[in-house]
Structures are given as structure tokens and as C-alpha cells.
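To start, the structure under review is shown below, and the notes come after it.
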Amino acid sequence: MNDILNLTIRQLREMLKKKEISSMELTNYYLGRIRKYDGEILSYLRTTEDHALKMAGQADERISRGEDAPLLGIPLGMKDILCTKGIETTCASNILKGFVPPYDATVIKRLKEAGFVHLGKLNMDEFAMGSSTENSAFQTTKNPWDTTRIPGGSSGGSAAAVASGLCAGALGTDTGGSIRQPASLCGVVGIKPTYGRVSRYGLVAFASSLDQIGTFTRSISDCATMLGVIAGHDPMDSTSITAPVEDYHSFLGKDIKGLKIGIPAEYIIEGMEPDVKRNFEESLQVFKDQGAELVDVTLPHTQYAVATYYIIGTAEASSNLARYDGVKYGLRERGKDIIDMYKKTRFKGFGKEVKRRIILGTYVLSSGYYDAYYRKAGKVRTLIRQDFDNAFRLCDMIATPVSPSTAFKAGERLEDPLTMYLSDIFTIPVNLAGLPGISIPGGFDSQGLPIGLQIIGKPLDEGRILQAAYVFESEKKVRVIPDKYRS
Ligand code: GLN
């Protein structure tokens, strides 16, 4: 059975079709692993065993009828920021405790149509604000490569569950790096698609102009499979792109001869861990050996990206989170009048980091400061986007590190939000520009901790990113599950 962890979803689908395994067996296999290991990893906030077994039974019936769908019978986990009909959805926040959505997010609907089995809801930083999953109101997920370390964030539960084999794949969200950074720190594949490629309907909003749903998988093939299911236009999301979805699998196996890969000078920064730098250089050599051409590019406004993000992101968050007032959702505290009830509910329901962002965001939007901060940040965002437009005139895609460091120790950066914010320097510009970016396993540091490689593409160029990522994966063959979790 342990071979299962090495098989791609496509290979599992073949086995299911040939009745070499049933979805029920596969689902029980993952549920058993969750029981065995998740007490230590703490990736799931709640498993949905009953749902899973029911869905597995239905999948087996559909398979018996000869039906085919890309995820039919495949057990997956979902970040707890995605609305799931009838299943509590908390965003790892006390303020949403007990909230059971009456509808499914579009991505969940699509996964259901494709036949997936829902294993449960995965831990995250509260409202996706953070880089370590330590801001969850409920538990801190551990990094499977070293459980004294954080898995990254905010989609840390998704990354850790995929890395330790507690699901075949997972969904996460990325506003400033929340898919790519935890994927990098846990040594799995994580893609943030082009803004608008995947519908945000039913995704609890953090910063609406930056949020995007994407996938966590153990292989590029699985990334192509899952992205192919969730991508596509949705009339329920007005920012959703109408362009047809490409067949992502058709890009896998194509060579990269003559492909131009841009290397931005601004992404080799002081303070970057030497192992991360060394690994990045080795990774570039792999592309070179496969016939790609490396070209120097410049993204001169990179240094302003983090500041810009923390103005735009907090401004949008302060507005989006205004809806949690104790009336419609989750927690309600008693108060002497309605204003008092709002205050008490929000005081008790939100954690420290969320409050910090609401206060920052309210400040940058307030009259007198709006022009100085919010409007200006919008202009800098345009400059950052133009940097990428200019760079893409010289190259087909851009390669960079994902994070300046590997997984850090739990607790290490909790009292130092600025260091935590600054570590998103390589991922944030991609969200500001709305571009697709992937993190793929690049290797390990001297302590055996995973290091990711980021490939950034032109808008809607997910297919070509996957093409290059697949070549890299096939050449480098980086181990994806720690030995400890193989048995
Ligand atoms: N770490 C970043 C933040 O704290 C990004 C979060 C995200 O992408 N959701 O905002």
C-alpha cells in the first residue's frame, strides 16, 4: 500500500478504473494515515470521515458504471478558508467558530463534479494572515521534515498534509505567498495561478485583488490534474477570466530547448541563507543543461513590494473583515447595546495579527492618509507590474528562490512581525502583478530542510510553467516525503 504515496493521481485513476483498488480502500488508507500521524503534524482542523466514506462509496458506484472523471475517487484535503456546504468553515478564527456555510465554493463544486473525496479541512493562519500557521486560533501545524519547525503559511496545513502523505493533494490560497512559501518549506509542489484563472466564489476574502486559489501536490503531473479541474470561468466571480483552460497535461514531456529563463538581479538579496542561494544556482544549471537560455533581467521596484503589499492587503482586509460583527456569522458576545456587542465580539473573536492588519488597513484608508498611503501604493503596484511586463519582453519565464530561508523554528519570529513580513519578498510581487507562480521542490539545505524553486510566468502561462517544472522534476528527482512518514 505504501507505493500509493509515490503514484500520481493519474496512476491512481488507472488502478481505480481497473478495480485494482477501490476509492473506499484508498479513502480508508488516508484516514488511517491521518489517525496515525496527524496527532503529531496537526494539519487537519477537522476530518470529515462520514462525508469522505459516503463520497468514496458514490465514487465507487460511478466507477462501476464506467464513468470517468479526473479526480473520481481521489481523497483530497481543503484549506479551511473555502466554503464547504454543511461542513464548518472557520478560517482558523474564533470569530467563525460554528459557521456552517449553506453553499459550496465554486472550486469545491468543481472538485465534486470531478469525483473527489473530501477528507477534511486544513489548518491555516487566521484569515490567511501569516507565514507560519502559528496565527491559527486552534493549533500550530508542524513541518513534517522537522516537527520543531513551522510548515510555512498561511496554507501550512495543506502543505504539511501533502508532504506527510495525509491526502493525495490539497487546495490552498495565496495572497502574498501563502501557497508557494509553505510548499517550499515543506518540499511539495504549490501553484498560484494567474489572478482570475480560478474562481474566488466561496473563498472567504482576505484581500480580494490579490487572493487566488491554487493546489498543493507531490508531483507536477498532479498539479496539472488538479489545476485543470479548478481553473475556468465562473459567472459568480466578476474577476474571473473567460479564456479557455488549456490542457495542462499536454505541456508535460515537452523539452525546454531555447526557452529563455529570466534571472532577476534583485532577487539575490543580503540576508538570504547561503544554502538557499547555492541551491538556486544549482537549479539554474539544471535548466541550462536541458537547453534553456538564462538571461539577466531587472525588476527595479522589487524593494517596494512588501510595503506596497502591506498597504493594499491590509486596506482590503479591513474592509472585507468588517462583516464579522456578531450578526450573520459565528461568534456573538453579549453587549449592553448593538455597538457594545460589535466591539466585544470583534475583540474576542479576532487574534492579534488580524487586529493588527485591521488597524493598519483602517489607517491607510482614513481621510488624510488615503492619498499618502493607499493611492500611492496603487501607483507603485502599477510600476511593479510594468517591471514584469518589461522583463517578459526579454524572457519566457522568470526563475527565483521562493523564500530567503528554509523552515524556521516554531516561536522564533512570533514577536517580530517585520521579519515575518519581509520574508515574503520573493512571492509578494507576483500577487501584486497578478501573475502565475509555482514553487517546486529544489533540494535540501545542510540540515535536510526543503528548499523550493519559484517559476513565474506571463499571465495565463500556467501550461508553460508546468512544462519547465516537469523537466526540472524529471531531471532532479527531489525526494518529497520524509522517510519517517513513508511507512
Ligand atoms: N504571509 C503573507 C501575509 O501574511 C501572505 C499571506 C497569504 O498569502 N495569504 O499576508
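For ligands, and for the atoms within them, numbers begin at 1 and follow the listed sequence. Being a predicted model, the structure only gives us computed values, none of them experimental.
Counting protein heavy atoms only, atom 7 (C) of ligand 1 is closest to Ser178 OG, 2.4 Å. Scanning the protein for heavy atoms near atom 1 (N) of ligand 1, the closest one is Asp424 OD2, 2.6 Å.
Judged by the shortest distance from any of its heavy atoms, Arg357 lies inside the 4.0 Å radius around the atoms of ligand 1. Heavy atoms of Gly313 come nearer than 4.0 angstrom to ligand 1 in no pair at all.
The side-chain hydrogen bond (donor to acceptor under 3.5 Å, both in side chains) test with Ser43 singles out one residue from Thr133, Asn123, Asp38, Thr141, and that residue is Asp38.
For ligand 1, the polar-atom distance check against Ala128 finds a nitrogen or oxygen pair separated by under 3.5 Å. At a 3.5 angstrom cut-off on N or O pairs, Phe206 does not count as close to ligand 1. Considering backbone and side-chain atoms alike, Gly153 places every N or O at 3.5 Å or more from each N or O of ligand 1.
Close approach of ligand 1 to Tyr310 is summarised as follows: ligand atoms under 4.0 Å from at least one heavy atom of the residue are 2 (C), 3 (C), 4 (O), 10 (O). Less than 4.0 angstrom separates some heavy atom of Tyr309 from each of these atoms of ligand 1: 2 (C), 3 (C), 5 (C), 6 (C), 10 (O). Residue contact check: Gly176 has heavy atoms under 4.0 Å from atoms 5 (C), 7 (C), 8 (O) of ligand 1. Applying the 4.0 Å criterion to heavy atoms of Ser154 picks out, from ligand 1, the atoms 9 (N).
Geometric assessment of Arg46 against the ring of Phe138 yields a negative cation-pi assignment under the 6.0 Å and 45° thresholds.
Less than 6.0 angstrom separates the ring centroid of Tyr201 from the ring centroid of Tyr103.
Two residues are said to be in side-chain contact when any heavy atoms from C-beta on lie closer than 4.5 Å; Phe347 and Lys355 meet this criterion.
Using modelled atom types and a 3.5 Å distance limit, the side chains of Ser209 and Arg381 yield a donor-acceptor pair.
Shown here for Thr400 and Pro264, the closest heavy-atom pair between the two residues is CG2-CG, 3.8 Å.
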